[in-house]
There are 2 protein chains.
Amino acid sequence: MLSERLANVWAMTTTSPQGRTELLRPDGSPVRVLVVDDEQSITELLSMALRYEGWQIRSAGDGTGAVQTARDFRPDAVVLDMMLPDMDGLAVLGRLRRDLPDVPVLFLTAKDAVEDRIAGLTAGGDDYVTKPFSLEEVVARLRGLIRRSGAADRRSDSTLVVGDLTLDEDSHEVSRAGDNIHLTATEFELLRFLMRNPRRVLSKAQILDRVWSYDFGGQANVVELYISYLRRKIDAGREPMIHTRRGAGYLIKPAAS
Amino acid sequence: MLSERLANVWAMTTTSPQGRTELLRPDGSPVRVLVVDDEQSITELLSMALRYEGWQIRSAGDGTGAVQTARDFRPDAVVLDMMLPDMDGLAVLGRLRRDLPDVPVLFLTAKDAVEDRIAGLTAGGDDYVTKPFSLEEVVARLRGLIRRSGAADRRSDSTLVVGDLTLDEDSHEVSRAGDNIHLTATEFELLRFLMRNPRRVLSKAQILDRVWSYDFGGQANVVELYISYLRRKIDAGREPMIHTRRGAGYLIKPAAS
DNA sequence: CGGGAACCTGTGAATTACCTGAGAAACGCA
DNA sequence: TGCGTTTCTCAGGTAATTCACAGGTTCCCG
């Protein structure tokens, strides 16, 4: 099942990104991210999704490898599983920080281990997501970390705009033509995904893979359902921006055109 | 006129693209802080949190190292644990002052330590916090020290304003639309954290990590509880300013909008 | 015009996230 | 020491959210 997902994500990576805003370092070179997890399916999933962002990815399966790779790869951000075979996530963090004192870290943790282990981790500006995560969530958090760390161009701001529709990633506010629109968490993530890929058809499989967590086992028509929710809130009584391409997927584009 | 101020005012504030206010030195370079503690977890925690403020951090694990580092790092402020393996905090202070007579020092002390010793020291303009501290507390105290150390006639920008809500970091006074509001210490710190990040969603984990002390092991719903207290005092009978983003966190913003 | 595939959406149940009252414990201060 | 204040736990209540299911609609094709 996970390999099906990989196939979908892979399909996306082979399509050339068009008109997407990319995060770049000040010198114009791509952002570098190190992914550390002992499950190979996870590192592969993440690597492909993050490469799609235009980032350069290196991965490691344990703490030792992570520290070694970090030394010469010099990543701008690290995705780090807290549960590694050879050392504790915190130990890895300590060693990473010795070489790269300013690198922001996105922790991956099990849902139930959050309370005690995470305390203090987000303190420095780091962040975490719980497993199982959605790829959109990981990407969004990473973008936030990189943007705030100063490794990337600071011109990039936190607002997505498509036509008269705006979505602010910091305040989680959405408005169309000035009217504020309240969205639930899932609706917000779905809309963010659409808006980050304007004028591009996204298949239901792709949407499911990026917006829902990787272990989601439900009916594929949740996507239809949530598209329907979004339309009710965003397109209601207006020129529609969310369009169905029968047999292909959905896309968002400015109302005028 | 502005350059006059820059010349006279030792430290000034600017606003970063993310809307956070940063302390900068007159020449625009980042503030430098030296962190001295023998527990590596503490220096790491503080380093990360202070770097996030945009400051340049160097750390040392003992008195000797501190004095050496201070000599060529020339910090604008020092965070100094009173309990060091090789020498007493007072001895370190003496030697630091030989090289940097005006540098303000923030002492870290155990809760039960004799406080009269500290009391004498802080008369000179230094300050202290007790372990275990909260990061917001340390950051706020440091900002105060740095701000005060430089200028006799520095502009008093110790007030945070969001809409008709104001919070004075020096006097700890809070008022909304002119009405004074009494807050407890924890409520004050939580509100300060929210107000220093207006219009930005802060997760419960982030809040817990910055507002509560680093050894807090309790339930995450204290955050909900204190948000509820704040609402009762700040939003009571008015247009609410504190908003819940279900599944994401909380944020504060001006009532109008 | 009929039938099937793809898509849309109303209904409702289960779950989750959040809010808040009550009271215990710890703290601070005289 | 004793009293008021503050912090925090616990637990019940409530409302928002997610999702399955199923019947309806639209579109495409012959």
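These figures come from a predicted structure and were not determined experimentally. Every chain is numbered from 1, with letters handed out A, B, ... down the list of sequences.
- Ring pair B:Tyr214/B:Phe133 is perpendicular by interplanar angle, where above 60° counts as perpendicular and below 30° as parallel.
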Pair A:Thr244, A:Arg231 - check side-chain hydrogen bond (donor to acceptor under 3.5 Å, both in side chains), show working. CA-CA 11 Å; A:Thr244 303; A:Arg231 280 179 167 146; 2.6 Å; yes

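- Taking atom CD1 of residue A:Ile227 and atom P of nucleotide D:dT25, one finds them 22 Å apart after rounding to whole Å.
- Listed for the A:Asn197 side chain is no donor-acceptor partner under 3.5 Å among the backbone atoms of A:Arg200.
- A:Asp81 has a carboxylate O that lies under 4.0 Å from a charged side-chain N of A:Lys131, or vice versa, which qualifies the two as a salt bridge.
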Polar atom pairs (N or O), protein with nucleotides 18-22 of chain D, under 3.5 Å:
unit_1, atom_1, unit_2, atom_2, d
D:dT18, OP1, A:Thr186, N, 3.0
D:dT18, OP1, A:Thr186, OG1, 2.6
D:dT18, OP2, A:Thr184, OG1, 2.6
D:dT18, OP2, A:Tyr226, OH, 3.2
D:dT18, O5', A:Thr186, OG1, 3.3
D:dT18, O5', A:Tyr226, OH, 3.1
D:dC19, OP2, A:Trp212, NE1, 2.9
D:dC19, N4, A:Tyr229, OH, 2.7
D:dA20, OP1, A:Gln219, N, 3.4
D:dA20, OP2, A:Gln219, N, 3.3
D:dA22, N6, A:Asn221, ND2, 3.4

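- Nucleotide D:dT14 holds its C1' atom 13 Å from the CD atom of B:Glu224, rounded to whole Å.
- Between the side chains of B:Thr166 and B:Ser175, at least one donor-acceptor pair of N or O atoms lies under 3.5 Å.
- The stretch residues 232-244 of chain B has no heavy atom under 4.0 Å from DNA chain D, so no residue of it qualifies as close.
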When you look at B:Glu53 and B:Arg196, which way does the salt bridge (charged side-chain N to carboxylate O under 4.0 Å, His left out) test go after all the steps? CA-CA 11 Å; B:Glu53 293 298 308; B:Arg196 289 200 47 208; 3.0 Å; yes

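- Not a single donor-acceptor pair under 3.5 Å links the side chain of A:Ser228 to the backbone N or O of A:Glu224.
- A donor-acceptor pair under 3.5 Å links the side-chain atoms of A:Asp235 to the main chain of A:Ile242, judged by distance alone.
- At the heavy-atom level, B:Phe188 lies nowhere under 4.0 Å from the strands shown.
- Overall, the helix from C:dC1-D:dG30 to C:dA30-D:dT1 carries an axis bend of 30° between its ends, with five pairs at each end and the value rounded to 10°.
- Less than 6.0 angstrom separates the ring centroid of A:Tyr226 from the ring centroid of A:Trp212.
- If you take CD of B:Glu189 and P of D:dC8, they are 11 Å apart, rounded to a whole angstrom.
- In this structure, A:Gly247 and B:Tyr250 both approach DNA chain C, and ranking their closest nucleotides by distance from the 5' end singles out A:Gly247.
- At whole-Å resolution of the value, CZ in A:Arg246 and C1' in D:dC27 are 4 Å apart.
- For A:His243, the ring pair (Phe, Tyr, Trp, His ring centres under 6.0 Å) criterion is met by no residue, not counting sequence neighbours.
- The span of DNA chain C lying next to chain B, judged by atoms under 4.0 Å from heavy atoms, is bounded 5' to 3' by C:dA17 to C:dG21.
- Side-chain contact between B:Val36 and B:Leu84: present, with at least one pair of heavy atoms (C-beta onward) separated by less than 4.5 Å.
- A salt bridge (Lys or Arg N to Asp or Glu O under 4.0 Å) check over residues 237-249 of chain A, counting only residues at least two apart or in different chains, returns the pairs A:Asp179-A:Arg238.
- Side-chain N or O atoms of A:Glu189 include none that pairs as donor or acceptor with a backbone N or O of A:Thr186 at under 3.5 Å.
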